[in-house]
Amino acid sequence: MADIAKPSYYVTTPIYYVNAAPHLGTAYCTILCDVQARFRRAMGFDTMLLTGLDEHGEKVADAAAEHDMTPQQWCDSLVPAFTDLWKTLEISNDDFIRTTEDRQTRAVQRLWEVLRDRGYVYKGTYDGWYCVPEETHFTETQVRHADEERHTEGQHLCPDCGRPLERVQEESWFFKLSAFQDQLLELYSAHPEFVEPEIRRNEVVSFVEGGLKDLSISRTSFDWGVPLPFDERHVTYVWFDALINYIAAVGYGDDSAAARSELSRRWPAQAHVVGKDIIRFHCVIWPAMLMAAGLPIPERVFVHGFLMVKNSQTGAGEKMSKSRGNAIAPQDVIDMLGVEGYRYYFMTDVAHGQDSSISFDRMEQVYNTDLANSWGNLVSRTVSMSAKYFDGRSPQLPAGWGERPSPLRDIARGLVERYAERMSEFDYAGGIGQVMELVHAANRYIEDSEPWALAKDPAKADELAFVIGGLLEAIRVSAHLLAPVMPETSAETLRRLSLGDEADSCDLSAVCSWGRMPGGVALAKGPALFPRLDVAR
Ligand code: ME8
């Protein structure tokens, strides 16, 4: 039963092509969304995280034929590679949509009918170029310019990915995208937050200012797609189909009372998170489709950059992708850093709005500095000291101890607000950076206050209790704030403080208010949360 008092926060990943096994890039975007969803749940939002798979189109039909399978069998065989990895990476998706599901067919067909009734689709002939791997149409002019730039001598290559294009001449239904130029420009100016960061918004605005052409949105040369409800020889263009997943998952096209209420509760989405390769689809075509259907527009499209790796021959940075053969398998990183170290590295060391070079050396450095030496070390030192000096327990402190000034309390004041401001803008390096200041300050506080010396002097027993109590409190607060990025380690840390029940709190401000660490609770030392890495290379 939904708690109607809580505002909805609906966040989506792209639905990935089922054909290419997930790699660090797709995992990166999925974790980015997972952290936002976990953060929003902790802030009390009625949160929904959606991910899924894009299973239609010529590319999938061709691959299935090569493997002597039906397209459906082929898709079914590929799904576990995604769902298993998402489970391993602690992705807390509330739903998983596949475009081959009935709910998707129903939603796509409903949208076709609505667009036809409202006069936004018409039948014509498509005569142009098509890139099957990218599932994208290109005009004669776009292809000519790309060919000139690349000096391809008679061979026509995709302006985006450089692979050979297919010439397509077929009857097609078109979407009147050209009718939405002004409305789209109005949207970007009235709601600049609709496309973020700004560099991507500028790109989208100048693209739309350059003029929009109607879009071919059906194919007849193969049948692996959603058939048009009023022209069965045609199947829906795979991108038109795929975008509709975002409303299909929340009840669009289903007339039951439950589905209608879900749609009004969840739509419009608060955030679509996508890579910069697919902004035209999400920031131009998708809002135009929604405008044409009379549906509300999502609040924002957050566009992240690419993970880049060094080309081993040229030394230059290039986009990591399956097709370039330079993709690092997520398992290789998991083997090295563990799942939580993996999540921490990608979420805090990669600037999410820009392209970022990644390397194993840097992963090791971030892991050792922040997790092994700072966070993990703080937990193990503090719990050990408390257990040693207070008989396996947390110290008893007088009521109101949290009001007494200390360097830790000073940092913890207003910390949730500073953290939340950054996290809600997808600035995880900034948000987690705030928490790490508390962690670093706590490690310094140990050095400065020297609990081992206080413990030797019975007259300083109260002071020792205050210092250790403050350190445990800093750990408790930090564990809550680090949880969206490293959920299991935070839950384990709270369990070690006998506070396992707190892990499910959905009121971050209340649970992080300074001074709540109870006295006299049993503490468990446990193995190192992040054993130091020493990777011989
Ligand atoms: O485009 N760095 O699916 P897709 C960071 N099915 N992110 C990367 C990346 C990299 N090197 N490579 C890929 C599709 N990604 C469509 C989407 S949505 C209605 C349909 C991520 O499997 C990034 O988020 O090619 C990119 O936008 C997405 O994977 C593309 O996934």
Side-chain angles (χ1 to χ4, degrees), residues 11-34 36 50-60 63 75 78-79 81-82 85-86 91 96-100 104 107-108 111 131-136 158 160-161 163 200 225-226 236-249 269 271-287 289-290 298 301-311 317-330 333 346-347 350-358 426:
V11 55
T12 67
T13 75
I15 49 168
Y16 305 109
Y17 288 128
V18 70
N19 247 1
H23 58 84
L24 282 189
T26 41
Y28 163 72
C29 180
T30 311
I31 300 172
L32 197 61
C33 294
D34 182 65
Q36 190 63 217
L50 176 70
T51 188
L53 292 172
D54 194 350
E55 302 189 359
H56 285 135
E58 196 171 349
K59 190 166 52 172
V60 174
C75 292
L78 297 168
V79 173
F82 288 87
L85 181 65
W86 298 160
I91 304 303
F96 187 91
I97 190 164
R98 300 177 54 187
T99 51
T100 48
Q104 174 77 7
V108 173
L111 198 82
C131 172
V132 178
E134 301 275 307
E135 300 282 13
T136 307
C158 171
D160 284 354
C161 72
R163 283 170 285 191
R200 301 294 162 220
V226 178
T236 311
Y237 166 46
V238 62
W239 263 105
F240 207 73
D241 172 1
L243 289 162
I244 297 169
N245 91 86
Y246 301 130
I247 48 176
H272 293 316
V273 179
V274 302
K276 66 179 192 180
D277 49 337
I278 54 179
I279 50 175
R280 285 188 196 169
F281 295 102
H282 285 84
C283 304
V284 181
I285 298 173
W286 179 227
M289 287 164 67
L290 293 166
V301 179
F302 180 78
V303 185
H304 67 77
F306 288 147
L307 300 181
M308 313 284 283
V309 279
K310 249 195 203 157
N311 180 304
E318 61 180 22
K319 179 189 173 194
M320 186 186 342
S321 71
K322 269 301 253 200
S323 53
R324 283 177 214 252
N326 62 5
I328 300 173
V333 181
F346 282 101
M347 292 302 105
V350 167
H352 302 313
Q354 300 156 20
D355 290 347
S356 266
S357 289
I358 59 162
F426 292 86

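Start at 1 and go down the list; that is how both ligands and their atoms are numbered. Values below: all heavy atoms of this structure, side chains included; hydrogens, waters and symmetry mates excluded. Quick caveat: nothing in here was measured; it's all calculated off a predicted structure.
- Among all protein heavy atoms, the one lying closest to atom 11 (N) of ligand 1 is M320 O, 2.7 Å.
- Not a single heavy atom of F281 sits under 4.0 Å from any atom of ligand 1.
- Across T12 and C33, no two heavy atoms sit closer than the pair O-SG, 3.6 Å.
- How far OG1 of T30 is from CG of L85: 8.0 Å, rounded to the nearest 0.5 Å.
- Ring pair F82/Y16 is parallel by interplanar angle, where below 30° counts as parallel and above 60° as perpendicular.
- At a 4.0 Å heavy-atom cut-off, ligand 1 does not touch K276 at all.
- If you take CD1 on I244 and CD1 on I97, they are separated by 10.5 Å, rounding to the nearest 0.5 Å.
- If you look at L307 next to ligand 1, the close heavy atoms, those under 4.0 Å, come from the backbone and the side chain alike.
- Remark: distances from the non-hydrogen atoms of Y246 to ligand 1 include one below 4.0 Å.
- Taking each heavy atom of C161 and C131 in turn, the nearest pair found is SG-SG, 3.8 Å.
- Every atom of ligand 1 with a heavy atom of A242 under 4.0 Å away is listed here by number and element: 19 (C).
- Aromatic rings from H272 and F302 are positioned such that their centres are separated by 6.0 Å or more.
- To the nearest 0.5 Å, the span separating CG on L243 from OH on Y237 amounts to 9.0 Å.
- The protein atom (non-hydrogen) at minimum distance from atom 28 (C) of ligand 1 is Y16 CE2, 4.1 Å.
- Each of the following atoms of ligand 1 lies closer than 4.0 Å to a heavy atom of D54: 6 (N), 16 (C), 20 (C).
- Contacts with ligand 1 closer than 4.0 Å are made by side-chain heavy atoms of H304 only, the backbone lying farther away.
- Atom 17 (C) of ligand 1 has its closest protein heavy atom at I15 O, 3.2 Å.
- The closest non-hydrogen atom to atom 9 (C) of ligand 1, taken over G25, C33, G275, comes from G25.
- Applying the 4.0 Å criterion to heavy atoms of T26 picks out, from ligand 1, the atoms 29 (O).
- Within ligand 1, counting atoms from 1 as listed, the ones closer than 4.0 Å to a heavy atom of C29 are 24 (O).
- Ring planes of H304 and Y28: perpendicular class, angle over 60° (limits at 30 and 60°).
- The structure places CG of N19 at 6.5 Å from CG of L78, a figure rounded to the nearest 0.5 Å.
- The contact set between ligand 1 and Y17, taken as ligand atoms under 4.0 Å from a residue heavy atom, comprises 1 (O), 3 (O), 4 (P), 6 (N), 14 (C), 16 (C), 22 (O), 25 (O).
- Using a 4.0 angstrom heavy-atom cutoff, H23 counts as in contact with ligand 1.
- Listed for the D54 side chain is no donor-acceptor partner under 3.5 Å among the backbone atoms of A242.
- Close approach of ligand 1 to I278 is summarised as follows: ligand atoms under 4.0 Å from at least one heavy atom of the residue are 1 (O), 27 (O).
- Note that CE of M347 is 10.5 Å distant from CZ of F426, once rounded to the nearest 0.5 Å.
- Between V274 and ligand 1, no N or O atom pair is found at a separation short of 3.5 Å.
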Audit row: Y17, H56, ring-ring contact (aromatic ring centres under 6.0 Å, His included) steps and yes/no: CA-CA 9 Å; Y17 288 128; H56 285 135; over 10 Å; no

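- At least one heavy atom of H282 sits closer than 4.0 Å to an atom of ligand 1.
- Contact annotation for D277 and ligand 1: only side-chain heavy atoms (C-beta onward) come within less than 4.0 Å of the ligand.
- Each of the atoms 5 (C) of ligand 1 lies under 4.0 Å from some heavy atom of G305.
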